[in-house]
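Single-structure report; data block below.
Along the sequence shown, residues are numbered consecutively beginning with 1. When a ligand or atom number is given, it counts from 1 through the structure's own listing order.
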Amino acid sequence: MKLLEQYRGLAEALLWEAHKFYTLQYQRSDGGNLSVRIPGTAYMIVKGSNVDFGSLSLDTLVIADFAGQRVEGNGKPSKESLLHGAIYREFAQIGAIMHCHSPWATAWAARHEELLMATHHAGIKLGGLCPVFDTHSYVVPEEHFAGILDILRQHPQMKSFLLRGHGQVALGADMRDAALTAELVEETAMIAQLSGLSG
Ligand SMILES: [Zn+2]
């Protein structure tokens, strides 16, 4: 049996969040990426390259290994698969990753070094830290992985980070958890800016 059929429930949870994020306009056009770990394997289900969140379907999902190589599916794994794989390889508790170019979070990252915990809710839920990384590219280059993994190691409660000029990355135990974190990051960045807070 194909892995995608065997883990259809995981794939459907991923599709649900992709479609929701497109509707919310947290991800427009064909950027962004999301993935879910297949438990007990070194594989993940990931968005195919050049597919938008809105029309993502079982046919445009790919199974890739943690080196970003396709194992199953028609498309090419999204370019951010390598970063996702590096995170899964290192942190067993992370089961899903949502990366999107949500506008308020990305706007905040343009001029700050970390997200201001502008609400009590964010202060409790985001683990006290959501740093900004300057990776100078539309895809996180491999030379930045070590720095990102290092900060994650030092702050095990951290659930998200921002990429300057790019977007946000949210981590979770499962797809819903990662998506809820990404939504909270976007909401927090929006409230911080609407409140005129500068951090
Ligand atoms: Zn991106």
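Distance CG/Leu3 to CD1/Ile63: 4.5 Å, rounded to 0.5 Å. Rounding to the nearest 0.5 Å gives a distance of 8.0 Å between CG of Leu184 and NZ of Lys125.
Centroid-to-centroid, the aromatic rings of His99 and His166 come within less than 6.0 Å.
Partner Met98 forms a side-chain contact (heavy atoms from CB on, under 4.5 Å) with one of Glu183, Met175, Gln168, Gln27 and no other, that one being Met175.
Between Glu5 and Arg8 no salt bridge is recorded (no basic side-chain N to carboxylate O distance below 4.0 Å).
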### Query
Is there a salt bridge (charged side-chain N to carboxylate O under 4.0 Å, His left out) between Lys47 and Glu80 once you walk through the steps?
CA-CA 10 Å; Lys47 180 178 96 68; Glu80 295 283 8; over 6 Å; no

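Under 2.8 Å from the Zn ion (ligand 1), one finds the following protein N/O/S atoms: His99 NE2, His101 NE2, His166 NE2.
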